[in-house]
Protein chains: 2
Amino acid sequence: MKVTDHIQIRDDSRIPKYQQIVDGIIENIASGKLKIDDKIPSINALSEHFLLSRDTVEKAYNILKDRKVITSVKGKGFYITRTKLISKVNVLFLVNKLSSYKMRIYNSFVARLGGNSHTDLHVYHCDESLFLNLLTKNLLAYDYYVIMPHFKTTALQHISSTDEVLRVLRKIPESKLIIMDNDLQKLPGNYAEVYQDFKGDIYTALTQGLEKIKNYRRIIMAYPAQSVYPYPRRILHGFRQFCVENSLPFEVIDEIYDDTVMHDGDLFITIEESDLVSLVKQVRDKGMVLGEDIGIISYNDTPLKDLLGITVISTDFDQMGRTAAELILDKRTASVKNPFRLIERESL
Amino acid sequence: MKVTDHIQIRDDSRIPKYQQIVDGIIENIASGKLKIDDKIPSINALSEHFLLSRDTVEKAYNILKDRKVITSVKGKGFYITRTKLISKVNVLFLVNKLSSYKMRIYNSFVARLGGNSHTDLHVYHCDESLFLNLLTKNLLAYDYYVIMPHFKTTALQHISSTDEVLRVLRKIPESKLIIMDNDLQKLPGNYAEVYQDFKGDIYTALTQGLEKIKNYRRIIMAYPAQSVYPYPRRILHGFRQFCVENSLPFEVIDEIYDDTVMHDGDLFITIEESDLVSLVKQVRDKGMVLGEDIGIISYNDTPLKDLLGITVISTDFDQMGRTAAELILDKRTASVKNPFRLIERESL
DNA sequence: CTCCCTATCCTGTACTGTCCAGTCCCGCAA
DNA sequence: TTGCGGGACTGGACAGTACAGGATAGGGAG
């Protein structure tokens with residue numbers, strides 16, 4: 001195996017070739033493929049291997065020498081002298097939509113990452129083409145890419161464009177990619193991720209509250225399937241699995257309207273805040289008592305739900321942002337499941 | 001086949017030649033002949049091929065560069081950077097911080113503006129230098145700039161850098177600028193704005209509820225002065241004016257702690273949600289009754305505050321976003337005060 | 001020692017974008 | 001009429017990229 005085989009450089013016509021070489025060496029250092037005192041390919045070797053002019057490689061090596069990343073020994077070669085690379089960290093934070101939960105993740109992420117960083121937030125509204133556009137346009141501009149992949153899932157698109165998404169995601173160096181919230185089983189590689197196990201989470205959390213849930217006659221989940229911003233269907237799957245395994249009668253509805261029929265002993269699981277609001281209003285209007293006549297479990301916690309005594313099943317959004325920031329700070333590529341739990345309050 | 005063969009431009013003597021080149025490139029992008037990251041002919045090549053002056057081509061390319069359709073790399077050439085959004089209305093939405101209220105403004109703005117638009121959201125964390133950086137970097141790239149100007153107001157900065165901010169804001173063509181939330185009296189010109197009159201709003205809203213407020217012995221405002229993200233001091237001014245004019249005893253505190261003393265007949269006005277939460281918890285712990293022993297008026301409405309029966313004084317965030325979008329759609333440059341009102345519920 | 005590799009420094013060439021000082025021409029307003 | 005400004009063109013200076021060479025000096029293995 002030749003030394004040149006170690007070095008990987010990406011071709012991008014927009015960027016000067018010498019700069020690509022510089023970036024390539026830096027990346028190989030950052031990823032650990034090149035360590036301190038390692039010898040890097042000679043000017044001749046590299047120029048021949050990549051079919052470049054000797055002058056181009058020389059220019060690149062001179063820049064690295066000026067930056068004290070490598071030193072030269074006449075007649076021998078170039079050697080790595082520094083592996084710690086100091087610069088402000090730039091992060092692209094790509095979310096599908098802007099909810100108050102996403103916002104909390106972003107805010108805790110920025111706070112944890114600290115001052116020596118800058119995070120650009122972009123929203124792609126679950127639109128694949130916008131997602132692809134944003135990503136390809138910024139493919140080399142950032143040090144890290146924190147991405148929450150959620151897309152509209154019409155049957156056709158799901159097949160055709162997910163591949164396109166994966167193709168672009170693969171262009172991001174593994175060490176720079178952090179997948180958040182939604183895990184992409186189809187994306188291979190050793191990248192970092194902080195995910196919710198939507199199906200397993202809801203199953204486990206509901207199982208925690210099984211004893212109380214059993215007291216209800218029927219469980220109704222308000223799952224907004226028609227929404228422009230769809231929630232992962234795995235929430236439904238986990239809910240169904242829980243109900244079936246415990247032989248609990250259940251139902252799934254799109255939305256809670258003012259005239260949605262409800263009976264004593266109904267337990268509602270709401271995902272959208274608007275459903276929670278109209279549900280609580282209705283319960284009050286009908287003179288029913290929360291946690292006795294009607295049960296509510298709401299998805300995603302907020303301080304005001306605490307005040308209202310609404311039982312929630314929720315992931316820890318602040319934690320999710322912090323974990324992502326820490327993966328970057330520690331340069332780890334672990335796959336971390338974000339904590340999810342049932343918080344029992346009066347409404348159950 | 002030469003690169004120049006790809007490019008087609010129509011000749012029309014009525015239209016400036018440089019504009020024809022611009023249109024030609026755009027058309028070639030729209031028709032798919034030019035894709036992202038493609039290299040377009042050099043200035044020399046194009047000018048020779050179409051028998052044009054180098055200067056004319058240069059001018060055209062500069063326009064495309066300003067519109068971020070292409071980027072230049074010295075010594076290399078011009079490259080396509082944008083393919084999807086050139087026909088859409090591009091908006092830069094610049095907010096000081098990301099709160100759930102800002103988010104609602106953004107979401108209603110995007111929704112009202114509709115599909116033929118793209119809105120980039122950027123957060124500058126109340127940091128002037130970041131604000132200036134973001135704005136100067138994107139000074140020509142967008143069709144509209146929606147900006148919420150709120151900065152940290154240390155005495156010194158307030159003098160020196162506000163001028164800098166105004167200087168950059170003046171560089172934005174008046175027809176492309178929409179100032180939101182905070183009105184900038186110091187910025188001259190005929191631009192659009194949707195503002196809150198922080199001082200007058202709170203004064204008027206509290207006056208609406210004067211009869212009930214009079215029943216309380218003391219009014220305490222929790223105004224987070226120490227926060228990294230300061231609220232406009234005009235809120236305080238309006239509050240003070242109301243209290244003084246109506247001879248009501250009042251007090252201003254930074255934050256509501258677990259051990260903040262409260263007596264029967266105290267009316268609290270909270271701005272931050274965290275203060276509201278700890279206040280309500282304390283009232284409950286002490287066995288007091290909201291709206292009788294202790295009054296609460298909270299700043300900024302949310303659906304869950306409605307459920308909790310918290311009286312609020314609030315602007316209409318969704319309306320604010322909609323208004324801004326409509327100003328753009330109608331190409332108006334009006335100065336619109338966003339509605340603000342007292343919503344009475346049980347807590348007062 | 002020789003031979004082959006190494007870095008280093010040099011001159012040239014042919015492109016590229018960037019910037020500036022001029023010069024016309026033409027339409028429009030004072 | 002005069003003056004102004006924008007469009008188009010001319011020509012050049014300058015700097016950056018990438019290539020092709022060559023000349024020199026040092027290191028290491030035979």
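Proteins come first, then strands; the chains are lettered A, B, ... in the order of their sequence lines, and each starts at number 1. Just so it is clear, the values below take in all heavy atoms, side chains as well, and ignore hydrogens, waters and symmetry mates.
Screening B:N107, B:D181, B:N96 for a side-chain hydrogen bond (donor to acceptor under 3.5 Å, both in side chains) involving B:K102 leaves a single residue, B:N96.
Residue B:Q19 is the one, among A:R54 and B:Q19, whose nearest nucleotide of DNA chain D lies closer to the 5' end (criterion: closest heavy atom). DNA chain D is contacted by both B:E58 and A:S53; B:E58 maps to the nucleotide lying nearer its 5′ end (nearest heavy atom per residue).
The nucleotide whose nearest atom lies closest to any side-chain atom of B:N44 is, among C:dA7, C:dT18, C:dT16, C:dT16. Listed candidates were D:dT10, C:dA7, D:dG7. Nearest to the side chain of A:S42 is C:dA7.
In this structure, NZ of B:K65 is placed 8 Å from C1' of C:dG17, rounded to the nearest angstrom. To the nearest angstrom, C1' of C:dA7 lies 7 Å from NZ of A:K74. A straight line from CG of B:N62 to P of D:dG7 spans 13 Å, rounded to a whole angstrom. We find that CG of A:D55 is positioned 18 Å from P of C:dC15, with the value rounded to whole Å. The CG atom of A:L64 sits 13 Å away from the P atom of C:dA7 (whole-angstrom rounding).
Using cut-offs of 30° and 60° on the angle between ring planes, the pair B:F93 and B:F109 is tilted. Between A:Y124 and A:F151, the ring planes lie tilted relative to each other; the angle falls in the 30° to 60° range.
At a threshold of 4.0 angstrom between heavy atoms, the contacts of A:Y61 with the nucleic acid are absent.
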